[in-house]
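Shown next, in structure tokens, is the structure this report addresses.
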Amino acid sequence: MRLIYLLLTVFFLMSTSPCPARDFMVTFVEENYKETEVPFSHRPKIYHTLQVRSDAGPKLLILSGDSQEYRKWLRQYISRDKRFMVQVPDEKNDDFVGSRVFKIEVTRVHPFNGKKWTPGTGEQKGTKTKEKPKQIRTIFGNQNVMVIDRNMKRSGLIASVITRMGYNAMVSRDGGQALEVFKVQPEKFKMIITNHDIQGMAADQFIDNLLKIDYQIPILVETGYNNDPLKERFLSKFSGAGSVTIKPVVLDDLQKTINQLVKPVKVNG
């Protein structure tokens with residue numbers, strides 16, 4: 001009897017623990033929203049899709065779920081800010097990357113600009129009072145590693161190493177979008193891994209901006225092989241930044257490198 005009770009307890013804890021997820025940054029293209037009457041019901045049937053551009057290519061997101069108030073608030077947000085995040089459970093990452101059409105619960109689509117939805121306090125159209133944006137944790141926990149690389153295959157391999165280490169990988173190929181996320185919640189990230197060739201801005205400009213926000217955040221800059229002039233340029237520019245490491249990313253050695261960079265610094269005295 002005790003064994004059965006123990007097994008049920010373990011099952012309950014596993015079923016209620018949060019599902020690891022990865023945030024994909026996307027850009028709004030087009031919305032399709034329809035409501036139809038459902039026989040013998042006071043609630044409408046909603047067909048809601050978003051066409052977006054993502055690092056994994058163009059997607060059609062089919063938004064499911066009954067959270068109508070959240071859905072209304074989200075639509076108002078998207079009407080003003082075309083960029084948002086899609087929180088995809090880890091076990092569905094491959095489906096999201098490989099599919100053009102992806103079904104997801106509406107509350108897994110959220111802003112990354114710090115605005116938070118609270119039940120019963122959604123923003124209403126026509127209101128003249130300006131509400132100060134609330135700072136929230138759109139990236140959950142503090143075990144996150146940001147990867148910026150325009151090559152999705154390469155960033156996917158790096159993300160797989162990060163995930164195996166127990167961290168959450170947030171992947172982007174656009175430095176500007178990644179910087180906006182980091183500005184909102186720098187304390188959420190253990191380190192940054194960026195390629196020397198990224199979209200949105202030059203990699204050295206991206207690193208400069210990161211250091212202005214948090215000069216202690218470990219940053220690994222991937223220079224590639226046989227690229228000595230580029231490596232020398234980055235070394236010269238960031239020689240005074242002790243948190244910046246410039247070297248080719250070797251997958252077999254990446255776990256060791258990450259462990260060295262995120263190791264807590266000992267304070268003397």
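The figures here come from the full heavy-atom set of this structure, side chains too, leaving out hydrogens, waters and symmetry mates. The first residue of the sequence shown is numbered 1, and numbering continues consecutively from there.
- Side chain of Asn209 to backbone of Gln205: a donor-acceptor contact under 3.5 angstrom is found.
- Two residues are said to be in side-chain contact when any heavy atoms from C-beta on lie closer than 4.5 Å; Val249 and Thr257 fail this criterion.
- Not a single donor-acceptor pair under 3.5 Å links the side chain of Arg164 to the backbone N or O of Gln255.
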I would like to know whether Leu157 and Leu254 meet side-chain contact (heavy atoms from CB on, under 4.5 Å); could you show each step before the answer? CA-CA 11 Å; Leu157 292 171; Leu254 183 57; over 6 Å; no
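- Under a hydrophobic-cluster definition in which Ile, Leu, Val, Met, Phe, Trp and Tyr are linked whenever side-chain heavy atoms come within less than 4.5 Å, directly or via other members, Val97 and Val109 are assigned to the same cluster.
- Leu61 and Val29 fall into different hydrophobic clusters, where Ile, Leu, Val, Met, Phe, Trp and Tyr residues are linked whenever their side-chain heavy atoms come under 4.5 Å apart, directly or through other members.
- The aromatic rings of Tyr77 and Trp73 sit parallel, their planes meeting at an angle under 30°, below the 60° perpendicular limit.
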Would Phe234 and Ile207 satisfy side-chain contact (heavy atoms from CB on, under 4.5 Å), going step by step from the backbone distance to the final call? CA-CA 10 Å; Phe234 275 93; Ile207 297 166; 4.0 Å; yes
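- Distance check, rounded to the nearest 0.5 Å: OG1 of Thr245 to CG of Leu261 gives 4.5 Å.
- Pairing each heavy atom of Phe24 with each of Val88, the nearest pair is CD1-CG2, 3.7 Å.
- The CD1 atom of Ile148 lies 5.5 Å from the CE atom of Met146; values are rounded to the nearest 0.5 Å.
- Of the possible donor and acceptor atoms, none in the side chain of Asp23 sits under 3.5 Å from a partner among the backbone N and O of Met85.
- Residues Arg173 and Asp149 are not in side-chain contact: their nearest non-hydrogen atoms beyond the backbone lie 4.5 Å or more apart.
- Counting all heavy atoms, side chain and backbone alike, Asn195 lies closest to Asp197 at OD1-N, 2.8 Å.
- With hydrogens and angles ignored, the 3.5 Å screen pairs no side-chain donor or acceptor of Ser236 with any backbone N or O of Arg233.
- Taking 4.0 Å as the cut-off between side-chain N and carboxylate O, Arg83 and Glu180 count as a salt-bridged pair.
- Glu30 places no side-chain N or O within 3.5 Å of a backbone atom of Gln51 that could act as its donor or acceptor partner.
- Heavy atoms only, all atoms of each residue included: Tyr70 and Thr107 are closest at CE2-CA, 3.6 Å.
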Please step through side-chain contact (heavy atoms from CB on, under 4.5 Å) for the pair Ile198 and Arg150, ending with a clear verdict. CA-CA 5 Å; Ile198 59 176; Arg150 66 167 66 232; 5.8 Å; no
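- By the rule that hydrophobic residues join a cluster once side-chain heavy atoms approach within less than 4.5 Å of another member, Ile78 and Tyr47 end up as members of separate clusters.
- To the nearest 0.5 Å, atom OG of residue Ser67 and atom CZ of residue Arg108 are 12.0 Å apart.
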Going through the distances and angles, do Arg53 and Asp174 end up as a salt bridge (charged side-chain N to carboxylate O under 4.0 Å, His left out)? CA-CA 12 Å; Arg53 294 191 301 272; Asp174 189 291; over 6 Å; no
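- Under the 3.5 Å distance criterion, the side-chain polar atoms of Ser243 are matched with a main-chain donor or acceptor of Ile217.
- The aromatic rings of Phe96 and Phe102 sit perpendicular, their planes meeting at an angle over 60°, well past the 30° parallel limit.
- Residue Met152 is not grouped with residue Ile158 when hydrophobic side chains (ILVMFWY) are merged at heavy-atom distances under 4.5 angstrom, including chains of intermediate members.
- For the residue pair Lys190 and Val262, the shortest heavy atom distance occurs at O-CG1, 3.9 Å.
- Cluster annotation: Tyr215 and Val184 are assigned to distinct hydrophobic clusters (Ile/Leu/Val/Met/Phe/Trp/Tyr, side-chain heavy-atom contacts under 4.5 Å, transitive).
- Taking 4.5 Å as the limit, some side-chain heavy atom of Lys188 sits within range of a side-chain heavy atom of Asn144.
- Contact annotation: the side chain of Pro248 approaches that of Glu222 to within less than 4.5 Å [non-hydrogen atoms, C-beta and beyond].
- To the nearest 0.5 Å, atom NE2 of residue His48 and atom CG of residue Leu74 are 7.0 Å apart.
- Counting heavy atoms from C-beta on, the side chains of Leu220 and Ile258 never come closer than 4.5 Å.
- Shown here is Lys103, whose NZ atom has no more than 12 heavy atoms of other residues, nucleotides or ligands within 6.0 Å.
- The closest side-chain heavy-atom distance from Glu232 to Leu235 is below 4.5 Å.
- A heavy-atom distance below 4.5 Å is not found between the side chains of Ile104 and Lys59.
- Considering OG1 of Thr27 and CZ of Phe84, their distance stands at 8.0 Å, rounded to 0.5 Å.
- Looking at Ile46 and Arg71, their side chains come closer than 4.5 Å, going by heavy atoms from C-beta outward.
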Going through the distances and angles, do Asn32 and Leu60 end up as a side-chain contact (heavy atoms from CB on, under 4.5 Å)? CA-CA 10 Å; Asn32 189 351; Leu60 178 66; over 6 Å; no
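- In Asp95, the CG atom is crowded: over 12 heavy atoms of neighbouring residues, nucleotides or ligands sit closer than 6.0 Å.
- More than 12 non-hydrogen atoms from other residues, nucleotides or ligands lie less than 6.0 angstrom from OH of Tyr33.
- Rounding to the nearest 0.5 angstrom, the gap separating the OG1 atom in Thr49 from the CG atom in Leu63 is 7.5 Å.
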